[in-house]
Engineer: 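Dumping the structure here so I can ask a few things about it.
In the text below, chain A, chain B and the rest are named by the order of the sequence lines, each starting its count at 1.
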2 protein chains.
Amino acid sequence: MSTIKDVAALAKVSPSTVSRVLANSPRISDETKQRVRQALEQLDYQPNVFARGLVTNTASSIGILIPPQMTEFFANPFFAEMMSGVSEVARSEGFDTVLSTSAVDEEDAVDRMIRGRRVDGLILLGSRIRDAVLPKVAQHQFPSVLLGRPAEDIPISYVNNDNVQAAYEATKHLLDLGHEKIGFLGGSFDLVVTRDRLEGYRHALLEVGIEPNTRMEISTYFLEQGGYQGMMHLLALPTRPTAVLASDDVLAFGAMRAAGELGYHLPDDLAIVGFNDIRLAELANPPLTSVRVHMHELGVGATRLLVEQIRASKMLKRSKIVDFELVIRESCGFHRNHQTSSR
Amino acid sequence: MSTIKDVAALAKVSPSTVSRVLANSPRISDETKQRVRQALEQLDYQPNVFARGLVTNTASSIGILIPPQMTEFFANPFFAEMMSGVSEVARSEGFDTVLSTSAVDEEDAVDRMIRGRRVDGLILLGSRIRDAVLPKVAQHQFPSVLLGRPAEDIPISYVNNDNVQAAYEATKHLLDLGHEKIGFLGGSFDLVVTRDRLEGYRHALLEVGIEPNTRMEISTYFLEQGGYQGMMHLLALPTRPTAVLASDDVLAFGAMRAAGELGYHLPDDLAIVGFNDIRLAELANPPLTSVRVHMHELGVGATRLLVEQIRASKMLKRSKIVDFELVIRESCGFHRNHQTSSR
DNA sequence: GTGAAAGCGCTAACAT
DNA sequence: ATGTTAGCGCTTTCAC
C-alpha cells in the first residue's frame, strides 16, 4: 500500500507537492505535475480516506438515517426507488452513501454520524410529531434534508409531496364515483405523512358534508400484513366502508387480500386507492388506482439539496415540493383512461 | 466538539488513560474509569472516526458493491430483503453499511473501497463469467463474501442457493403437470445465477427426453419490462411454450402482463413459475408459484461470514448454501397445498 | 513553484 | 495503574 511519501520519493518531490498535484493546484508546474502523475499511476496510489478526513474534516459521504421503527424500510419498494435517486446523485457528486440503521437509539445514531464526522450530511426519513432528530441536526447546524416535512417549525430543508392535496384529490375521486362510506388506512398517526393524508381525506369528506368518522380511520404498521389487519377491522364495522384510501400501496395490497379472502369483489363491492404507485400496483388484481409520488425524484431532489448544503458547509432552509398524479386504474371502477390530476 | 484531550484535562488524567477507558481496558482502576466516564458524559464526547481509523486501520464499516449494470438493484425487492439481513447483522456487530454504486468503473470502485480503507470488508453482488472484481479482492486478500458463487475457481467465501437444483425442481414441477414446451426467461447469460438456473432447467428437460431448444431460452434485463418483452418473444414463436420458468419474480410479473395483454389465461393457457418468492408473488393474479430463496437469510449469512473474516483480519474461503423451497400457487395449476421440496 | 514542518485526534508501544 | 511519546497519512501554513 503506497503512501504519499512513496509517491513523493519516486517523483523526487516533497509530499506536499504530491498533495498539491492531487488537488490540482495551479501553482505546480506542468512538468512536475506530469512527473508526479506518472508516479501516482505507477504506484497505483489511493489516498487514505482517514488521513485526509482527519485534516479536512470531511467524509465524502452522506448518511441515510433509517428510523428504528422503520423495519419496513427495506421491504417497501417506495424506499428502494427513493434510494436509487439518492445513490445516483451521491455517486455523481463524489459521495459515498452510508446507511444508518439505529435499532435502538436513534439520537445516539445521529450523534455518532454527525459528531463522529462519519458523514458530511444526512438524509432523514419519515418525520414524526415531536421528532427528536430534527432539533438535533438543527442545533448542530448539520447539513440535512428531510424526506417529508417537519411537524413543528424547525429550520430544516425538506423535499415532500403535497400530501394533503394528494389525499384530498384521491378521496374526491372516490366521492365522485358515488362512495359515501370511505375508510382511511394509514401508518402511525405520529407520522407527519399520515397526518397530512388524513387531513386531506377529511377535508374532502367535509366539503361534501360528510362528517369524518374516526372509526373509519385506521392506524396500522406499514406492511402488507398491517393493511390486511386494518382492512379486516374496517370490514367488520357495523356499516362497512365501500371504499378505502390506503396511505401506501403495500397497505392497499394487504387490504385487497383481506377483501378477497372475505369474498368481496373489487371494484364492485369495494373500491381501493393506494399511495406511491409502486411498479407492482399496475400488476395487482385488479390493477390498483394509486397516487404516484415520483419516489425516484424525491430521492434525487433531497440529495441535490443536501449536496448544496455540504458545499456551502452549512445548513440551509430550503424546500421542494414534488408533483403527484392520481393514476386511475380498475381497483375503484373502470375508468380506463389514465387520467391525471397534478399540481 | 470535544476531543480526547479535553476529556483528559477534565478528568485530570492523560489522553491515553481516556483511550483505555474507551476501550474498557482492565488495567484501569474502577475509580479512574468512573471519573473519566463522567467527563466523557459531561463533554458529550464522540470519538473522531478518522483519527481512530488512521491509527487502527479499520473503518467499522462494510461495503456493498453494487455492479454498474445492476440498476435494478434498488427496484428489485429481492435485494431489498437481502439488504435488511445485511444491515441487521452489520449493525448488531458494530459496523456501518456503505453502499458503493459504481456507475462506470467497477474495479476502480473496488480499489477506492479496499485500498482507500473505506470499508473493512465487502459484500459482492451477482458474480458473472470472467468477473474482474473477484480476482482483485482475492489478490488483495481482502475480506469479502460473494452473494452467489464464483464462476471460476477463485478462493472466496460465498453464500448461495443451489440454483441448479432449484431450477431443476421447478422445471420438474412443470413437467409433472404435463407441460412439454417449457420456456426459460432469465437475466444476462453472463451471470452465474442465470447459467446455473438454465443448467437445472435443461437437466430436467433432458431427463425426460426433451431436447432443450435455445429459442426457448431468453436472456433479458432484470426488470418487469424485461420479462414483458421476453414473454412477447416466447409467445411469438411458431410453437409457443405452454409454461415458462422465470429466473426472477419481477420477470414473471412482466411475463404475466404480456400474457394477459395477449389474452392468454393463467394457468389454463399458460403456466408460469418465478424465482425468489417476493412478498407480492402471493398477491399476483393468479398468485405466482415461485422458488423461495430466503433472501433475508442470504444477507444474514453473507454478513456473518464477512464479519468473521474481518475479525480474523484475513480472507477466508468458506461457503454456505441456503435452502430453497418451491412454493406452489395458482399460476401453474390449482395445487392448493403449499407443497415444499427443500434440500 | 516547491519544501519543511506542524498538526488533525487518536492508539499503542514503552516507560515508570 | 497511569503517563510520555511517537506516529498513523494527509493537508496546509509558512518559508524561500
Engineer: Both B:N57 and B:P15 contact DNA chain D. Which one's nearest nucleotide lies toward the 5' end?
Structural biologist: B:P15
Engineer: Could you state the atom-to-atom distance from CD of B:Q34 to P of D:dA1 in whole Å?
Structural biologist: 16 Å
Engineer: A:M1 CE to D:dC8 P: how many Å, rounded?
Structural biologist: 15 Å
Engineer: Check whether any side-chain N or O of A:S319 sits under 3.5 Å from a backbone N or O of A:Y158 as a donor-acceptor pair, and report yes or no.
Structural biologist: no
Engineer: Has A:S157 got a side-chain atom pairing as donor or acceptor with A:R318's backbone, closer than 3.5 angstrom?
Structural biologist: yes
Engineer: When you match A:V55 and B:P26 each to their closest nucleotide on DNA chain D, which lands nearer the 5' end?
Structural biologist: B:P26
Engineer: OP1 or OP2 of C:dT2 less than 4.0 angstrom from a side-chain nitrogen or oxygen of A:S14, does that happen here?
Structural biologist: no
Engineer: Are OP1 or OP2 of D:dT2 and a side-chain N or O of B:S29 less than 4.0 angstrom apart?
Structural biologist: yes
Engineer: What's the CD1-P distance between A:I4 and C:dA6, to the nearest Å?
Structural biologist: 18 Å
Engineer: Would you kindly check whether a donor in the side chain of A:R20 faces an acceptor in the base of D:dT13, or vice versa, at under 3.5 angstrom?
Structural biologist: yes
Engineer: Can you tell me the distance, in whole Å, between the NZ atom of A:K5 and the P atom of D:dT11?
Structural biologist: 14 Å
Engineer: Would you kindly give the CG-to-P distance between B:L54 and D:dA6, to the nearest whole Å?
Structural biologist: 18 Å
Engineer: Given atom CG of B:D6 and atom C1' of C:dG9, what is their separation to the nearest angstrom?
Structural biologist: 10 Å
Engineer: Is there a donor-acceptor contact under 3.5 Å linking the side chains of A:S14 and A:T17?
Structural biologist: yes
Engineer: If I take atom CG in residue B:L22 and atom P in nucleotide C:dG9, what distance separates them, rounded to the nearest angstrom?
Structural biologist: 15 Å
Engineer: Using modelled atom types and a 3.5 Å cut-off, is there a donor and acceptor pairing between side-chain atoms of A:K33 and backbone atoms of A:R20?
Structural biologist: no
Engineer: Regarding A:S19, tell me which of base, sugar-phosphate or nothing describes its non-hydrogen contacts under 4.0 Å with the strands shown.
Structural biologist: base
Engineer: Determine whether a donor-acceptor pair (one donor, one acceptor, N or O, separation below 3.5 Å) exists between the side chain of B:S16 and the base of D:dT5.
Structural biologist: no
Engineer: So what does A:T32 hit on the nucleic acid, given a heavy-atom distance under 4.0 Å: a base, only sugar-phosphate, or nothing?
Structural biologist: sugar-phosphate
Engineer: Where the side chain of B:Y45 is concerned, which of C:dG3, C:dA12, C:dC10 is the nearest nucleotide?
Structural biologist: C:dC10
Engineer: Could you tell me how far apart A:N48 (CG) and C:dC8 (C1') are, to the nearest whole angstrom?
Structural biologist: 13 Å
Engineer: Kindly point out which of C:dT2, C:dA15, C:dA12 is positioned nearest to the side chain of B:R27?
Structural biologist: C:dA15
Engineer: Give a yes or no answer on whether the side chain of B:Q309 reaches the backbone of B:S144 with a donor-acceptor pair at less than 3.5 Å.
Structural biologist: yes
Engineer: Quick check on C:dT2: is either OP1 or OP2 less than 4.0 Å from any side-chain nitrogen or oxygen of A:T17?
Structural biologist: no
Engineer: What does A:R52 touch in the nucleic acid at a heavy-atom separation under 4.0 angstrom: a base, only the sugar-phosphate, or nothing?
Structural biologist: sugar-phosphate
